[in-house]
Undergrad: 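One structure follows; several queries about it will come next.
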Amino acid sequence: MTSRPKLHLEKFLPYRLSVLSNTVSSAIAAAYFMNFGLSIPEWRVMAVLAANPGLSAAEVTARTAMDKVAVSRAVAHLLERGLLTREMHGDDRRRSVLTLSEAGYRIYDEIVPLALGRERQLLAALTPEERIQLDRIMDKLASQGLPAMMS
């Protein structure tokens, strides 16, 4: 009988990051949905477009690292609610760009203080030095890139 390598899931960093992300997102999602009728993917699309107006859906997908279908559904729902506008990009009739509408910016402006407040609550458990260290570690891990890790 051969000995199999063991994976201790509770100590496995990708799992721990995923659980932490899901826990934080779920807590925030309830507030976004109850107060604004927005899902997490819809809020992420809005936040990216507020910072970067005029992106295509594909560019939103790339910036959020969300599934293409999730972005497509979020965009469709936000367009239906009048929170986004879609326009053809210049002479290229195949490419459309997305922007928050005035109604979208009104909701965005209400959510941002709530989101920043939740972030402050989460980070309150850390010292200022730990916050700086966490930021550096997150940047360092993000710079590793998923495709390189998978090879």
Side-chain angles (χ1 to χ4, degrees), residues 9-10 12-126 128 130-151:
L9 202 55
E10 66 280 354
F12 186 57
L13 182 62
Y15 175 77
R16 293 174 70 195
L17 290 171
S18 178
V19 169
L20 178 61
S21 174
N22 291 339
T23 302
V24 172
S25 290
S26 294
I28 295 171
Y32 292 163
F33 188 77
M34 285 176 35
N35 296 321
F36 306 100
L38 294 173
S39 66
I40 291 173
E42 290 165 355
W43 164 242
R44 287 180 182 164
V45 168
M46 289 180 68
V48 166
L49 290 173
N52 307 280
L55 296 178
S56 68
E59 291 167 323
V60 170
T61 299
R63 286 178 186 252
T64 60
M66 288 192 303
D67 179 70
K68 181 179 167 182
V69 174
V71 170
S72 179
R73 285 185 185 141
V75 166
H77 192 241
L78 293 167
L79 285 167
E80 184 180 292
R81 288 186 57 191
L83 301 178
L84 293 184
T85 61
R86 177 184 284 166
E87 297 174 3
M88 291 302 143
H89 182 265
D91 295 333
D92 186 354
R93 306 305 276 166
R94 295 168 296 161
R95 184 172 184 263
S96 62
V97 294
L98 304 164
T99 307
L100 289 180
S101 66
E102 283 302 315
Y105 275 111
R106 280 193 298 275
I107 288 178
Y108 173 82
D109 290 341
E110 284 186 63
I111 291 176
V112 168
L114 299 174
L116 293 174
R118 298 278 183 165
E119 180 187 46
R120 274 191 303 279
Q121 287 175 336
L122 185 61
L123 293 175
L126 304 176
E130 288 171 330
R131 291 178 197 172
I132 291 167
Q133 190 175 21
L134 175 63
D135 195 44
R136 285 184 186 145
I137 291 168
M138 297 286 287
D139 287 344
K140 196 172 201 177
L141 290 174
S143 74
Q144 294 297 305
L146 186 59
M149 288 176 23
M150 297 306 286
S151 56

Undergrad: For the side chain of Arg81 and the backbone of Gly37, is there at least one donor-acceptor N/O pair under 3.5 Å apart?
TA: yes
Undergrad: Which value, rounded to the nearest 0.5 Å, describes the distance between Asp135 atom CG and Leu123 atom CG?
TA: 9.5 Å
Undergrad: What heavy-atom pair brings Met46 and Leu38 nearest, and what distance separates the two atoms?
TA: SD-CD1, 3.8 Å
Undergrad: Just how far is it from atom CD of Gln133 to atom NZ of Lys140, taken to the nearest 0.5 Å?
TA: 10.5 Å
Undergrad: I'd like to know if the side chain of Arg86 reaches the main chain of Ser96, judged simply by a donor and an acceptor atom lying under 3.5 Å from each other, with no hydrogens or angles considered.
TA: no
Undergrad: What are the two closest heavy atoms between Leu126 and Glu130, and how far apart are they?
TA: CA-OE1, 3.3 Å
Undergrad: Is there a side-chain contact between Glu59 and Val48 in this structure, where contact means two heavy atoms from C-beta onward sitting under 4.5 Å apart?
TA: no
Undergrad: Of the non-hydrogen atoms in Leu100 and Tyr108, which two are nearest, and what is the gap between them?
TA: CD1-CB, 4.2 Å
Undergrad: Should the heavy atoms of other residues, nucleotides or ligands under 6.0 Å from CD of Glu10 be counted, would the total exceed 12?
TA: yes
Undergrad: Ignoring hydrogens, what is the shortest heavy-atom contact between Tyr32 and Ile111? Give both atom names and the distance.
TA: CE2-CG2, 3.4 Å
Undergrad: Given Leu49, which of Thr85, Leu84, Thr99 fulfils the side-chain contact (heavy atoms from CB on, under 4.5 Å) condition?
TA: Leu84
Undergrad: Output the distance between atom CD1 (Ile28) and atom CG (Leu122), rounded to the nearest 0.5 Å.
TA: 7.5 Å
Undergrad: Check whether more than 12 heavy atoms from other residues, nucleotides or ligands sit under 6.0 Å from atom CZ of Arg73, and answer yes or no.
TA: no
Undergrad: As an exercise, state the distance from CG of Leu83 to CD1 of Ile107, rounded to the nearest 0.5 Å.
TA: 4.5 Å
Undergrad: Hey, does the side chain of Thr23 reach the backbone of Val19 with a donor-acceptor pair shorter than 3.5 angstrom?
TA: yes
Undergrad: Can you tell me how far CZ of Phe33 sits from CD of Glu42, rounded to the nearest 0.5 angstrom?
TA: 8.5 Å
Undergrad: Would you name the heavy atoms of Arg118 and Ala27 that are closest together and state the gap between them?
TA: NH1-O, 4.1 Å
Undergrad: Just do the side chain to side chain contact (heavy atoms under 4.5 Å, CB included) check on Leu98 and Val75 with the steps written out, would you?
TA: CA-CA 9 Å; Leu98 304 164; Val75 166; 3.8 Å; yes
Undergrad: How long is the span from the CZ atom in Arg136 to the CG atom in Asp139, to the nearest 0.5 Å?
TA: 10.0 Å
Undergrad: Do the side chain of Thr61 and the main chain of Ala57 share a donor and acceptor less than 3.5 angstrom apart?
TA: yes
Undergrad: Kindly say whether Asn22 contributes a backbone atom to a donor-acceptor pair with the side chain of Ser26 at under 3.5 angstrom?
TA: yes
Undergrad: Where do Ala70 and Pro41 come nearest, in terms of heavy atoms and distance?
TA: O-CB, 4.3 Å
